[in-house]
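Note sheet for the following structure.
Numbering of residues begins at 1 and proceeds along the displayed sequence. Both counts, for ligands and for their atoms, begin at 1 and track the order of listing.
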Amino acid sequence: MAEKFIRLSDSIYEYLVSHSVRETDALAQLRAETATHPQARMQIAPDQGQFMALLVRLMGAKKALEVGVFTGYSSLSVALALPPDGKLIACDVSEDYTAIARRYWQLAGVADKIDLHIAPALETLDHLLQERQAETFDFAFIDADKGSYQHYYDRALQLVRPGGLIAIDNVLWSGRVADPTDQDKITNTLRAFNQKLAADDRVSLSLVSIGDGLTLALKKG
Ligand code: CA
């Protein structure tokens with residue numbers, strides 16, 4: 001029986017990237033600089049950045065949210081896909097990581113599209129809700145501490161409009177969520193999150209095996 005999916009090898013992945021990924025100079029430079037960072041594995045893959053940019057363009061999104069900036073590859077990908085009057089509200093707790101992000105936002109000419117909030121993201125999201133920004137966002141990307149994913153998702157679901165999209169990163173957790181012998185705390189947290197989302201009638205759902213697993217949740221009208 002033919003496989004229902006393709007197992008990516010290094011060479012297939014190289015092929016995929018070399019035949020599809022179109023990084024701007026700023027994205028390529030940011031990826032290269034971040035590759036030398038001690039936390040380099042927190043950077044999303046270039047094909048994932050481009051996929052999210054495509055989603056943003058497809059939706060005609062103008063207002064986006066990001067929880068977890070790190071050095072800014074995903075925010076730069078999304079901001080480049082937003083129209084000139086688009087806005088990305090970006091949340092992170094690290095001045096150090098986001099100092100790198102800011103440099104590349106400047107370099108790429110999208111710094112004026114991005115509002116960076118250095119604070120615990122739940123505070124920023126609750127503040128946005130208090131400011132009556134519920135249902136004003138088109139797109140949200142969640143890629144921060146996994147222990148708070150459920151809280152980030154609950155807020156994001158309030159903040160996106162009906163028809164808005166929430167993308168959640170690392171949901172396959174290197175495959176560990178599918179290994180019942182793995183009882184690590186974060187693995188179990190992600191497992192519970194995935195299970196809850198699978199049954200969440202408020203959204204249409206797709207779990208895409210790009211990067212470390214990306215769940216797309218489209219808020220129903
Ligand atoms: Ca991630």
Side-chain angles (χ1 to χ4, degrees), residues 8 13 16-17 21 23 27-28 30-56 64-81 88-94 96-102 104-105 114 116-118 120-122 124-125 139-157 160 165-179 182 184-194 196-197 205-217:
L8 287 184
Y13 181 70
L16 179 160
V17 169
V21 171
E23 283 179 316
L27 280 168
L30 170 55
R31 186 154 66 93
E33 178 171 344
T34 306
T36 67
H37 193 282
Q39 298 293 330
R41 52 184 288 280
M42 281 167 59
Q43 175 165 247
I44 64 162
D47 51 316
Q48 183 180 339
Q50 184 164 295
F51 177 61
M52 296 201 302
L54 185 142
L55 293 174
V56 165
L65 176 70
E66 178 168 272
V67 180
V69 173
F70 186 44
T71 59
Y73 193 91
S74 49
S75 48
L76 182 52
S77 300
V78 166
L80 286 166
L88 172 65
I89 310 292
C91 308
D92 206 285
V93 287
S94 171
D96 290 343
Y97 295 164
T98 55
I100 301 170
R102 282 181 199 269
Y104 285 93
W105 297 342
I114 303 174
L116 176 63
H117 295 254
I118 301 288
L122 281 180
T124 302
L125 301 181
F139 178 83
F141 179 49
I142 298 173
D143 185 15
D145 53 305
K146 312 311 168 198
S148 296
Y149 260 28
Q150 189 65 51
H151 299 304
Y152 298 142
Y153 172 75
D154 289 341
R155 265 68 165 191
L157 192 59
V160 298
L165 185 70
I166 305 171
I168 307 123
D169 201 31
N170 300 104
V171 292
L172 291 178
W173 204 233
S174 306
R176 295 173 64 177
V177 289
D179 174 3
D182 189 328
D184 174 74
K185 189 171 175 222
I186 297 177
T187 304
N188 276 327
T189 299
L190 280 168
R191 220 176 252 142
F193 176 75
N194 288 338
K196 214 169 161 187
L197 219 59
L205 204 67
S206 182
L207 197 170
V208 184
S209 66
I210 194 170
D212 192 26
L214 183 71
T215 290
L216 301 177

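Looking only at its N/O/S atoms, D169 has OD2 as the one nearest to the Ca ion (ligand 1). Taking the Ca ion (ligand 1) as reference, D143 places its N/O/S atom OD1 nearest.
F139 has its side chain within reach of V78: a pair of non-hydrogen atoms, C-beta onward, lies under 4.5 Å apart. The closest side-chain heavy-atom distance from T215 to F193 is not below 4.5 Å.
Defined by atom type and a distance below 3.5 Å, a donor-acceptor pair is present between the side-chain atoms of R191 and N188. A side-chain donor-acceptor contact under 3.5 Å links E23 and Y73.
Taking 3.0 Å as the criterion, Q43 does not count as a coordinating residue of the Ca ion (ligand 1), since none of its N, O or S atoms falls below it.
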